[in-house]
Amino acid sequence: MTRPSSLITRAATVPCRVNLIGEWIDFNGGTVLPMALAPSATVQITANATGLDRITSTHFAISQNFDIDAPAQDHWSDYVRGALQYARGRHWIESGQDVSVESTIPVGAGLSSSAAIIVATLKAASLGLADLDGAALAFAAKDIENTFIGVPCGIMDQMAVALGTPGTVLALDTRDCSYTLLDLPQTWSVVVIHSGVRRALSDGRYRVRRDQCLEAAAALGVDYLCDASLLSIDALAEPLVNRARHATSEAARSRDAIAALRTGDRSRFGRLMNESHDSLRDDMEVSVPEIDQLVCDAVSLGADGARITGAGFGGCIVALVEPERMEDWWSALKLRHPSIERVV
Ligand code: GLA
């Protein structure tokens with residue numbers, strides 16, 4: 001292995017993602033449907049031959065010495081640190097790196113800014129040294145998120161940002177990580193809107209919901225909660241019965257949505273998004289009133305469908321809109337919710 005010499009910069013840019021449907025099922029054996037978006041994270045790594053590591057980001061307003069070997073500090077730079085520790089463990093980098101991190105991805109929005117930063121760091125650090133394909137980068141990034149950051153997330157986000165290109169939908173079977181890339185039909189506009197309510201996965205609510213899903217699967221004697229039969233889940237008590245109802249129904253919706261995408265059936269896809277939102281609100285219990293209202297208004301003003309996206313508890317909604325209606329629809333929604341921002 002020939003290590004790049006000092007002052008040569010290795011750089012990688014990785015997009016964020018929105019999940020169109022298939023929420024909270026990527027660790028329950030479901031198929032998910034994320035799409036990469038244009039906002040991205042760029043990481044540059046330059047060996048500086050000083051033995052000291054520095055991290056700089058105008059986006060995060062930081063420029064300081066950086067101890068790569070320190071434990072996670074509950075700070076965004078943990079994503080970079082975890083990836084750099086991984087890289088150092090594989091001798092892709094030595095001590096003495098200038099690391100620059102720039103991002104146009106809103107943080108706490110449910111658009112996988114953390115997965116994008118981890119994957120971009122791994123990709124930059126491994127350039128020319130290890131031929132990691134998208135899936136290998138994604139598995140490494142998930143491992144870092146699970147063990148170093150301590151968030152027990154599934155594989156969807158990392159696969160979506162490592163493999164996706166903006167405008168292409170990834171139909172990902174999360175059991176074996178087999179996938180198909182599908183084009184979004186020309187007559188579909190996907191709009192992603194930040195509600196203004198921020199949240200963090202590390203705040204513990206993600207782990208609680210995930211543990212409830214695993215507990216429900218164990219109680220029903222299935223490997224994956226998505227495999228539970230509808231009849232069997234009624235034997236569970238609340239809240240496990242609700243989580244099981246969400247996982248099984250969302251898995252079915254996701255399968256239907258892939259068929260609707262393939263046939264270009266926008267209104268059917270939209271209906272499935274609406275049902276997904278209801279299930280996330282009532283059974284998974286990961287929505288918040290501000291977002292319920294935003295989703296309700298998005299649909300009543302003419303979207304084919306809308307739903308909270310990502311882990312929830314705040315962040316973005318995703319809506320499907322007929323392109324010709326788009327501008328009027330957006331103006332009317334913005335009038336009702338002046339603080340919302342359109343991401344794409
Ligand atoms: C977060 C996690 C994903 C997935 C979603 C919910 O984005 O990182 O693995 O579980 O929440 O669908």
Side-chain angles (χ1 to χ4, degrees), residues 17-36 110 112 135 138 153-160 163-164 167-185 187-188 190 209-210 213-214 216-217 220-234 236 241-284 286-287 295 299 303-312 317-320:
R17 68 100 185 93
V18 64
N19 190 18
L20 299 182
I21 200 160
E23 212 68 86
W24 284 92
I25 55 171
D26 65 337
F27 52 85
N28 282 322
T31 293
V32 296
L33 219 53
M35 180 175 92
S112 295
C153 61
I155 189 66
M156 169 173 72
D157 303 348
Q158 296 78 12
M159 289 290 276
L163 294 163
T168 306
V169 183
L170 179 77
L172 173 70
D173 179 339
T174 60
R175 285 172 201 232
D176 59 4
C177 285
S178 58
Y179 62 88
T180 313
L181 290 165
L182 300 165
D183 287 330
L184 196 70
T187 52
W188 295 25
V190 168
R209 294 296 187 287
R210 177 186 173 273
C213 290
L214 300 188
L220 295 168
V222 290
D223 287 342
Y224 294 110
L225 192 51
C226 290
D227 289 342
S229 75
L230 274 180
L231 283 179
S232 70
I233 64 179
D234 284 340
L236 296 170
V241 62
N242 310 61
R243 310 300 182 245
R245 202 159 44 223
H246 170 75
T248 51
S249 62
E250 185 75 354
R253 279 188 291 274
S254 191
R255 281 193 299 272
D256 284 359
I258 292 172
L261 182 62
R262 287 188 191 278
T263 56
D265 190 341
R266 202 183 61 224
S267 62
R268 181 165 157 221
F269 197 101
R271 273 198 307 281
L272 292 163
M273 290 172 81
N274 295 338
E275 289 169 17
S276 172
H277 183 80
D278 293 348
S279 179
L280 289 161
R281 181 192 60 214
D282 301 335
D283 282 335
M284 207 60 211
V286 293
S287 191
V295 163
V299 175
D304 292 294
R307 57 184 286 278
I308 191 168
T309 185
I317 70 161
V318 56
L320 188 59

To check you understand the geometry: which heavy-atom pair defines the closest contact between Met156 and Pro34, and what is its length? CG-CG, 4.0 Å
State which residues pass side chain to side chain donor-acceptor pair (under 3.5 Å) with Ser279; sequence neighbours excluded, sorted by chain then number. His246, Arg253
For Ser276 and Met284, run side-chain contact (heavy atoms from CB on, under 4.5 Å): C-alpha distance rounded to whole Å, both residues' side-chain angles, the deciding distance at 0.1 Å, then the answer. CA-CA 10 Å; Ser276 172; Met284 207 60 211; over 6 Å; no
Counterpart residues, side chain to side chain donor-acceptor pair (under 3.5 Å), relative to Arg245 (two or more places apart): Asp283
State, to 0.1 Å, how close Leu261 and Pro185 come at their nearest heavy-atom pair, and which atoms those are. CD1-CD, 3.6 Å
Under the side chain to side chain contact (heavy atoms under 4.5 Å, CB included) test, residues paired with Ala259 that sit two or more places apart: Arg268
If every non-hydrogen atom of Ile25 is compared with every non-hydrogen atom of Ala251, which pair is closest and at what distance? CD1-CA, 3.9 Å
Would you list the pairs meeting salt bridge (charged side-chain N to carboxylate O under 4.0 Å, His left out) in which at least one residue belongs to residues 270-282, sequence neighbours left out? Asp278-Arg281
When every non-hydrogen atom of Ala247 is compared with those of Cys226, the smallest separation belongs to O-SG, 3.7 Å
Heavy-atom side-chain contact between Leu33 and Phe269 under 4.5 Å: yes
Suppose we screen for salt bridge (Lys or Arg N to Asp or Glu O under 4.0 Å). Which residues come up paired with Arg175, at least two apart in sequence or across chains? Asp227
Do side-chain atoms of Thr174 reach the backbone of Phe27 as a donor and acceptor pair under 3.5 angstrom? no
Evaluate Leu170 against Val32 for side-chain contact (heavy atoms from CB on, under 4.5 Å), listing each step before the verdict. CA-CA 8 Å; Leu170 179 77; Val32 296; over 6 Å; no
Just jot down the salt bridge (Lys or Arg N to Asp or Glu O under 4.0 Å) partners of Asp265, sequence neighbours excluded, or say none. none
Restricting to side chain to side chain donor-acceptor pair (under 3.5 Å), what partner residues turn up for Ser229, sequence neighbours left out? Ser232
Near Asp173 CG, under 6.0 Å, is it more than 12 heavy atoms from other residues, nucleotides or ligands? yes
With rounding to the nearest 0.5 angstrom, report the CD to CG distance, Glu250 to Leu280. 5.5 Å
Sorted by chain and residue number, the salt bridge (Lys or Arg N to Asp or Glu O under 4.0 Å) partners of Asp304 (sequence neighbours excluded) come out as Arg266
Ala217: what forms a side chain to side chain contact (heavy atoms under 4.5 Å, CB included) with it, not counting sequence neighbours? Val222, Leu225
Measure the CG-CG distance between Leu163 and Leu172 for me, rounded to the nearest 0.5 Å. 8.0 Å
Scanning both residues in full, the closest heavy-atom pair of Ser287 with His277 reads OG-CE1, 3.5 Å
Kindly give the heavy-atom pair with the smallest separation between Arg17 and Gly110, and that separation in Å. NH1-O, 2.7 Å
Qualifying residues under side chain to side chain donor-acceptor pair (under 3.5 Å), relative to Ser178, sequence neighbours excluded: Asp176
With the side chain counted from C-beta on, respond yes when Asp183 and Thr168 share a heavy-atom pair under 4.5 Å apart, and no when they do not. yes
Which residue pairs satisfy the side-chain hydrogen bond (donor to acceptor under 3.5 Å, both in side chains) criterion with at least one member in residues 22-33, sequence neighbours excluded? Asn19-Glu23, Glu23-Arg307
